[in-house]
Amino acid sequence: MQGIFSRFVAFMTALIVASVMMTAFAGQFRAAAAAVEIPGIDVSKYQDKIDWNAVAQTDVRFAIIRCCKIIRGYNDWEFDATFEENYAAAKANGLAVGAYLFTDAATISEFQEDVAYMLGFLKDKSFELPVFLDLESASRQEHLPPSEFMPAVLAGLEMIEDAGHTAGVYSSTAFFHECLDRKQLQDAGYCVWEANYFNTVNGLLSPAGHDLSNDATIWQYSGCGRCEGISTTVDRNICYTYQFFNHTAELANPTLPSGSLRPGSNFTVGGTVRSDNVIRTVTGTIFDLKKPAEPVQTVTVYPHAKDYKLTGFFTKKLVFSTLEEGTYALRITAIDSANTEIEIADTQFIVSSEDKPVPTLTQTGQPTDELTEQTAVGATSPAVPAATQTVTQTAEPQKRRKGLLRLRYAAWFSEHWSLRKTTSTISRIGVKLDLVRTPLYRIISGLSMTLESAYIAASVMLEASTRSNQSA
C-alpha cells in the first residue's frame with residue numbers, strides 16, 4: 001500500500017510541475033527564451049558628449065563602447081577619442097560596460113595585429129560585457145567563406161580571452177549567414193551580438209514582436225534610437241541573459257578537505273572552476289581559525305579562461321602535510337573579467353592525531369563549545385562536503401529523537417515524492433529546448449540542485465544520527 005501511495009504522490013507532483021511548465025511555455029517556446037530582455041546601447045565618438053548620469057536614469061543597463069577603428073583600405077588606425085571618458089563615466093554611473101574593435105582584418109596575422117593594437121588601450125581595464133570584434137567590411141571580409149574566415153576570427157578572439165576579457169563577435173545577420181559560422185562561435189563559448197533591423201532602413205522603434213534569442217546573446221535592433229542624455233541618435237540593443245550582470249562561478253566535481261586529517265598526511269584539492277565569463281585569477285587560501293587574519297598558505301593562478309581544473313601548480317602549493325594540529329579553513333575565490341571577486345568554496349577541517357570533532361564556527365570564524373560528530377577522513381579517504389558529514393550532537397535524548405524524526409521525514413520526503421527526479425528531468429528538457437536563459441528555467445534548475453543537496457545532507461545526517469543513537 002505504501003508503494004502505491006508513493007507512486008501516486010510522485011505522479012501527481014510531476015503532473016503539477018509539468019502543468020506549470022506547459023502553461024508558461026506552450027505555443028511560445030521562442031517567446032519564452034526571450035523573457036530576459038535587458039536594454040542597452042553602443043556608442044562611439046559619433047554620439048558626441050554623453051551625459052551618462054542621465055543615461056543611467058533611463059531603462060539602459062549596459063553600454064558597449066568603441067575602442068578602436070582599423071580600416072586597412074585607407075590605412076586608418078584610430079583610437080576612439082571618447083573611449084576613455086565614456087568608459088570611466090559609464091562605470092561611475094553603475095552601467096555594465098563592454099567594448100568593441102571595428103576591424104576589416106581578413107587573415108590570422110591581421111587579426112592578431114589589430115587585437116594587439118586594441119589591447120594596448122585596455123590595460124588595467126575590466127568589462128562586465130565582452131570585448132567584441134566588429135566585423136562588417138564589404139571590401140575585405142564579405143567575400144570570404146567561413147572555412148577561410150573563421151580561423152582568422154578565432155585567432156583574434158583567443159587573444160582577447162588570453163588577455164583576461166570575455167570575447168564576442170558583432171556583425172549583421174547577412175554576415176553571420178555568409179561569412180561566419182555562428183554555431184562554431186557559440187559552441188566555443190563566444191558571445192554573438194547580431195544587428196538585425198528586420199528589413200527597415202534605420203531599425204525598429206521597439207524590439208517587441210521579434211525574437212533573436214535562439215540565435216544571439218545580444219540583439220542590436222535599431223541604429224537610430226533615442227536615449228535621454230545623448231543628443232544624437234544611438235544604437236539600441238537588448239541582451240537576452242543575466243550572464244554579464246550576475247557574476248557567478250562554480251566548482252564542478254569538487255574534492256575538498258573536511259573532517260579530520262592526520263598530521264603529516266597530504267590532501268589533493270580537486271574540481272574544475274567554471275564560469276560564463278573569463279576567469280582572471282583563482283586563489284586558494286588556508287587559514288588557521290585561531291588566527292584567521294594570517295593566512296597559513298596561499299596560491300594564485302591566472303587561468304584567463306572560462307574553465308580551470310584545480311591541478312598542477314595550484315594543488316602543489318597547498319601542502320596539507322605541513323600543517324600542525326589545529327582547526328583550519330580552505331577558501332577558494334575567483335576574479336572574473338569584470339574584476340568581481342566570487343567565492344568558490346569555503347570548507348573547514350581539522351588536523352589531529354585523534355578523531356576529534358570539528359567545532360561549530362561562529363560568524364567571526366571562532367570555534368564555539370558546541371561540538372559536531374564527524375567521520376574521520378584519512379589521507380586516502382575521499383572528501384565529501386562538510387555540510388553532509390556533520391550532525392549536531394545534543395545532550396538531551398528528547399531533542400535527539402525529535403531531530404532524528406525530522407531527518408527521517410526529510411529523507412523520505414525527498415526520496416518518495418520524486419521531486420529531485422522531476423525537477424532534474426525538467427532541467428534537461430530546458431537545455432534541449434534552449435531555454436537556459438529564461439528565469440523559470442533558472443528557478444527549476446536551482447530547485448533541483450537545492451533538493452538534491454538537501455536529500456544528500458538529510459540521508460547522511462540520518463545515518464550518522466542512527467549510528468549515534470545505537471552507540472548511546
Side-chain angles (χ1 to χ4, degrees), residues 31 34 36-71 74 76 78 80-83 85-87 89-90 93 95-104 129-139 141-142 168-180 182 191-241 244:
V36 177
E37 294 187 352
I38 304 169
I41 57 176
D42 62 272
V43 300
S44 67
K45 69 177 184 179
Y46 300 112
Q47 272 65 55
D48 299 329
K49 178 77 173 177
I50 297 175
D51 182 349
W52 286 101
N53 181 59
V55 172
Q57 305 307 312
T58 69
D59 63 344
V60 169
R61 291 295 170 263
F62 69 89
I64 307 175
I65 304 168
R66 190 178 77 167
C67 177
C68 305
K69 177 186 70 174
I70 301 174
I71 305 178
Y74 298 98
D76 182 7
E78 177 190 356
D80 195 299
T82 62
F83 175 74
E85 181 181 354
N86 286 337
Y87 170 85
N93 283 279
L95 297 179
V97 173
Y100 73 93
L101 160 69
F102 180 96
T103 173
D104 65 354
L129 274 77
V131 173
F132 291 93
L133 297 177
D134 180 348
L135 309 176
E136 49 184 299
S137 171
S139 61
Q141 297 170 341
E142 192 174 56
V169 172
Y170 166 89
S171 198
S172 66
T173 300
F175 254 68
F176 278 114
H177 280 300
E178 297 168 11
C179 309
L180 296 163
R182 185 194 306 267
C191 177
V192 169
W193 176 19
E194 181 174 347
N196 189 324
Y197 298 167
F198 284 92
N199 299 320
T200 65
V201 176
N202 295 312
L204 305 168
L205 295 177
S206 165
H210 299 277
D211 175 22
L212 263 67
S213 61
N214 287 338
D215 302 316
T217 306
I218 302 175
W219 170 31
Q220 185 187 88
Y221 65 87
S222 178
C224 62
R226 289 288 180 178
C227 179
E228 192 70 28
I230 301 178
S231 59
T232 67
T233 58
V234 64
D235 295 341
R236 295 300 305 249
N237 304 268
I238 59 172
C239 179
Y240 290 115
T241 178
F244 308 120

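Values below: all heavy atoms of this structure, side chains included; hydrogens, waters and symmetry mates excluded.
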Novice: Show the nearest heavy-atom pair for residues Asp48 and Ser231, with the distance to one decimal.
Specialist: OD2-OG, 4.3 Å
Novice: Report the C-alpha distance between Phe62 and Ile41 in whole Å, list the side-chain angles of each, state the deciding distance to 0.1 Å, and finish with yes or no for side-chain contact (heavy atoms from CB on, under 4.5 Å).
Specialist: CA-CA 6 Å; Phe62 69 89; Ile41 57 176; over 6 Å; no
Novice: For the CG atom of Leu95 and the OH atom of Tyr87, what is their distance to the nearest 0.5 Å?
Specialist: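 Separation between the atoms: 12.5 Å.
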Novice: For residues Ile64 and Leu129, determine if any side-chain heavy atom of one lies less than 4.5 Å from a side-chain heavy atom of the other.
Specialist: yes
Novice: Compute the centroid of each ring, for Phe198 and then for Trp219, and state whether the two points are separated by less than 6.0 Å.
Specialist: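 That pair passes the under 6.0 Å test.
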Novice: Are side-chain heavy atoms of Val55 and Glu228 found at a separation under 4.5 Å?
Specialist: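 Result no, sub-4.5 Å side-chain heavy-atom pair not found.
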Novice: Could you pull out the closest heavy-atom pair between Gly225 and Arg236, with the gap in Å?
Specialist: CA-CG, 3.7 Å
Novice: For Gln57, does the CD atom sit with more than 12 other heavy atoms under 6.0 Å from it, leaving out its own atoms?
Specialist: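 Atom CD in Gln57 is packed in, count exceeds 12.
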Novice: Before giving the answer on side-chain contact (heavy atoms from CB on, under 4.5 Å), spell out for Val131 and Leu101 the whole-Å C-alpha distance, their side-chain angles and the decisive distance to 0.1 Å.
Specialist: CA-CA 8 Å; Val131 173; Leu101 160 69; over 6 Å; no
Novice: In the structure I gave you, are the side-chain heavy atoms of Leu135 and Cys179 within less than 4.5 Å of one another anywhere?
Specialist: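 Leu135 vs Cys179: side chains apart.
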Novice: How about Thr82 and Ser44: do any of their side-chain heavy atoms sit closer than 4.5 Å?
Specialist: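 The answer is no, as the side chains (C-beta and beyond) never meet within the 4.5 Å cut-off.
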Novice: If the test is side chain to side chain donor-acceptor pair (under 3.5 Å), which one of Tyr170, Tyr221, Trp193 qualifies with Asn237?
Specialist: Trp193
Novice: With heavy-atom distances below 4.5 Å as the criterion, would you say the side chains of Ile65 and Val97 are in contact?
Specialist: yes
Novice: Any non-hydrogen side-chain atom of Tyr197 less than 4.5 Å from a side-chain atom of Thr200?
Specialist: yes
Novice: Do you know which two heavy atoms are closest between Phe244 and Cys191, and how far apart they sit?
Specialist: CZ-SG, 4.0 Å
Novice: Under 4.0 Å between a side-chain nitrogen and a carboxylate oxygen: does that hold for Glu78 and Arg66?
Specialist: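 A salt bridge is present here (some side-chain N lies under 4.0 Å from a carboxylate O).
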Novice: To the nearest 0.5 Å, how far apart are CD in Gln220 and CG in Leu204?
Specialist: 11.0 Å
Novice: Measure the shortest side-chain to side-chain distance between Val43 and Trp52 over non-hydrogen atoms and say whether it is less than 4.5 angstrom.
Specialist: yes
Novice: I would like to know whether Asn214 and Tyr240 meet side-chain contact (heavy atoms from CB on, under 4.5 Å); could you show each step before the answer?
Specialist: CA-CA 9 Å; Asn214 287 338; Tyr240 290 115; over 6 Å; no
Novice: Could you check whether Asp80 pairs with Lys69 (Lys NZ or Arg NE/NH1/NH2 to Asp/Glu carboxylate O, under 4.0 Å)?
Specialist: no
Novice: What pair of heavy atoms forms the shortest contact from Thr233 to Gly223, and how long is it?
Specialist: OG1-O, 4.2 Å
Novice: Looking at every heavy atom in both Asp215 and Glu194, which two are closest together, and how far apart are they?
Specialist: CB-OE1, 4.1 Å
Novice: What is the distance from atom CZ of Phe176 to atom OG1 of Thr173, rounded to the nearest 0.5 Å?
Specialist: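 Output value for this atom pair is 8.0 Å.
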Novice: What distance do Ile70 atom CD1 and Thr103 atom OG1 have between them, rounded to the nearest 0.5 Å?
Specialist: 5.0 Å
Novice: Keeping Gln47 on the side-chain end and Asp235 on the backbone end, is there a donor-acceptor pair under 3.5 Å?
Specialist: no
Novice: Does the side chain of Pro207 reach to within under 4.5 Å of the side chain of Ile238, using non-hydrogen atoms?
Specialist: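 Side chain of Pro207 against side chain of Ile238, heavy atoms only: contact under 4.5 Å found.
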Novice: When you look at Leu212 and Asn196, which way does the side-chain contact (heavy atoms from CB on, under 4.5 Å) test go after all the steps?
Specialist: CA-CA 9 Å; Leu212 263 67; Asn196 189 324; 3.9 Å; yes
Novice: Tell me the closest heavy-atom pair linking Val234 and Asp42, and the distance in Å.
Specialist: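 Looks like CG2-O, 3.5 Å.
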Novice: Output the distance between atom OG (Ser171) and atom CG (Leu133), rounded to the nearest 0.5 Å.
Specialist: 10.5 Å
Novice: Would you give the length of the straight line joining atom SG of Cys227 to atom CG of Asp51, rounded to the nearest 0.5 angstrom?
Specialist: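 Result: 10.0 Å between the selected atoms.
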